[in-house]
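The structure appears below as structure tokens.
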Amino acid sequence: MSGKRMGRQEAGLGTSEMAVACTVMAVFFVLVSHMMTSTYSTAEHGTQASRIDACNRKILDQMQSEVSAAVEIFQQDDIGVELFEILQKPEQAVPIEFTSLSRVLGGRVFGRELRSGARTGNALMFAKWERTKKIECGELSDEGGEQDRKDTTRYEIDVYRLICYYLVPVGEGLNLSRFVSEGLADATQIEAIELAEDQLEVMRKLVGDKVTGAWRRDVVAPPDWFVINPSRGTMDSVEFIAQDPQQAKFMLDPKVYAIASNDADESFGVGEFGVKTSQQGGFPHGFEVQMMGPPSERELLLHLTLVSASSRAGSEVYSNLRRQFVQGK
């Protein structure tokens, strides 16, 4: 009997033992596979979250850098509304219906609104100083065999750009459009040139340097906008402000990221400051702006929420960031 038992043990596992072993191995492989998939998904989700955060910070960094050179930030009043309307926005970058600049009201604290559009805006528009163009005017002489300037006068003309960030519908999502105007010379500085021939030469050299527009700033009256016409030596009033196609752009690749809409999950932070509404296509969505303080030293709060355009339901990747700073700092 003992010999038979020894022979059976040496022969290996029986059918039932083999079935149990296979079942244990199958369960083990399933568990390991699930753990590996879960680990990979977690790592991939973390990578996507880092990327979307980096994209969000880059946009906010750019806005803050540009506003640091702003000479004027426009708000939701008669001047701001009219100016936003005359920006020559391209057909592919038409703003959403409910677009509003921020209003500057009393108080020194940023916070939650009680009604939509009271203070919070979903667009940012400002005039930025770009450079000072130095232009020499005068006749040339060939005295002494060398060509030198005779009775030259140097003029310094400041050049500005209008910058505007606003929401645009792209496909099924929202994008952030960056409008950049053509170069705008200080019209007051041009008008102050007493010699007609110098004024004409300054206009020609500005246009030759692709500065074809002008801006007359006035602390009392609304600003005036012009196109420079050097052939006639005039600055003619315009009904629109042209865009610089080389600098204007969408801030997001719509295949990768989008601005969060009002329909986003509550945890994403959309409408953190402005009261959400579905009227006129919705407000504020994932871009909010608040301002306070005097014109010379505006304090701004920017709130931007991005979502991943490729996220699956239940595994959405988003970035909800704020940026608070003082104009020029």
Side-chain angles (χ1 to χ4, degrees), residues 49-68 70 73-76 80 84 95-96 98-105 107-126 163-170 173-179 250-252 257-293 297-309 311 316-329:
S50 297
R51 288 174 180 169
I52 196 170
D53 257 355
C55 179
N56 199 338
R57 293 181 191 280
K58 182 179 179 181
I59 294 173
L60 293 176
D61 285 345
Q62 178 173 329
M63 289 183 182
Q64 181 174 354
S65 176
E66 290 184 326
V67 172
S68 69
I73 305 176
F74 299 95
Q75 61 174 307
Q76 188 73 5
F84 183 77
I96 62 174
F98 198 155
T99 297
S100 175
L101 300 170
S102 177
R103 288 184 173 89
V104 181
L105 304 177
R108 298 289 302 174
V109 179
F110 293 124
R112 176 74 178 174
E113 296 285 287
L114 298 178
R115 61 184 178 86
S116 59
R119 175 184 177 187
T120 303
N122 60 352
L124 175 65
M125 182 170 62
F126 52 92
I163 313 290
C164 186
Y165 291 90
Y166 60 92
L167 297 176
V168 173
V170 176
L174 293 172
N175 209 325
L176 190 63
S177 177
R178 175 176 178 261
F179 175 97
F250 284 137
M251 302 304 295
L252 300 170
Y257 302 125
I259 303 295
S261 72
N262 284 353
D263 297 329
D265 189 279
E266 289 291 332
S267 64
F268 291 7
V270 177
E272 184 174 341
F273 299 97
V275 177
K276 292 195 294 185
T277 178
S278 58
Q279 297 178 359
Q280 297 178 277
F283 175 90
H285 300 296
F287 180 47
E288 297 181 285
V289 182
Q290 285 189 1
M291 296 192 299
M292 62 185 182
E297 198 175 45
R298 288 273 193 250
E299 188 170 355
L300 288 89
L301 171 69
L302 305 180
H303 176 222
L304 183 62
T305 304
L306 306 183
V307 293
S308 175
S311 295
E316 292 88 347
V317 179
Y318 71 97
S319 174
N320 177 25
L321 298 179
R322 303 184 202 172
R323 181 68 55 85
Q324 187 172 332
F325 60 93
V326 177
Q327 173 187 350
K329 296 181 181 180

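Residue numbers start at 1 and run along the sequence shown.
The closest side-chain heavy-atom distance from Q62 to I163 is not below 4.5 Å. In this structure, L321 and R323 have side chains that are not in contact, with every pair of non-hydrogen atoms separated by 4.5 Å or more. A heavy-atom distance below 4.5 Å is not found between the side chains of L114 and V275. Between L306 and I259, some side-chain heavy-atom pair lies under the 4.5 Å cut-off. The shortest side-chain heavy-atom distance between R119 and M292 falls under the 4.5 Å cut-off. Taking 4.5 Å as the limit, every side-chain heavy atom of V67 sits out of range of all side-chain heavy atoms of L302.
Applying the salt bridge (charged side-chain N to carboxylate O under 4.0 Å, His left out) test to pairs two or more places apart or on separate chains, those with a residue in residues 266-286 are E266-K276, E272-R322.
When the side chain to side chain donor-acceptor pair (under 3.5 Å) test is applied to T305, the partners found at least two apart in sequence or on another chain are N320. By the side chain to side chain contact (heavy atoms under 4.5 Å, CB included) test, V170 is found to be paired with V168, N175, F250, P254, residues two or more places apart in sequence or in another chain being considered. In this view, D265 satisfies the salt bridge (charged side-chain N to carboxylate O under 4.0 Å, His left out) rule with no residue, not counting sequence neighbours. Every residue two or more places apart in sequence or in another chain was checked for a ring pair (Phe, Tyr, Trp, His ring centres under 6.0 Å) with H285, and none qualifies. Every residue was checked against the ring pair (Phe, Tyr, Trp, His ring centres under 6.0 Å) condition with Y257, not counting sequence neighbours, and none meets it. Judged as a ring pair (Phe, Tyr, Trp, His ring centres under 6.0 Å), and not counting sequence neighbours, F126 has no contacts. Partners of Q280 according to the side chain to side chain donor-acceptor pair (under 3.5 Å) rule, which considers only residues two or more places apart in sequence or in another chain, do not exist here. The side chain to side chain contact (heavy atoms under 4.5 Å, CB included) search around T277 returns F98, S116, Q279, F283, not counting sequence neighbours. Listed by chain and number, the residues in a side chain to side chain donor-acceptor pair (under 3.5 Å) with E66 are Y165, R178 (sequence neighbours excluded). In this view, Y166 and F84 satisfy the ring pair (Phe, Tyr, Trp, His ring centres under 6.0 Å) rule, not counting sequence neighbours.
For the residue pair P284 and L167, the shortest heavy atom distance occurs at O-CD1, 3.6 Å. Across all their heavy atoms, V307 and A260 have their closest contact at CG1-CB, 3.8 Å. In terms of heavy atoms, R298 sits closest to I73 at CB-CD1, 4.0 Å. Closest non-hydrogen pair, C55 versus L252, comes out as SG-CD2, 3.7 Å.
A parallel orientation is assigned to the rings of Y318 and F268, their planes being inclined by less than 30° (bins at 30° and 60°).
Between Q290 and T120, the side chains place a donor N or O and an acceptor N or O closer than 3.5 Å (distance only, hydrogens not considered).
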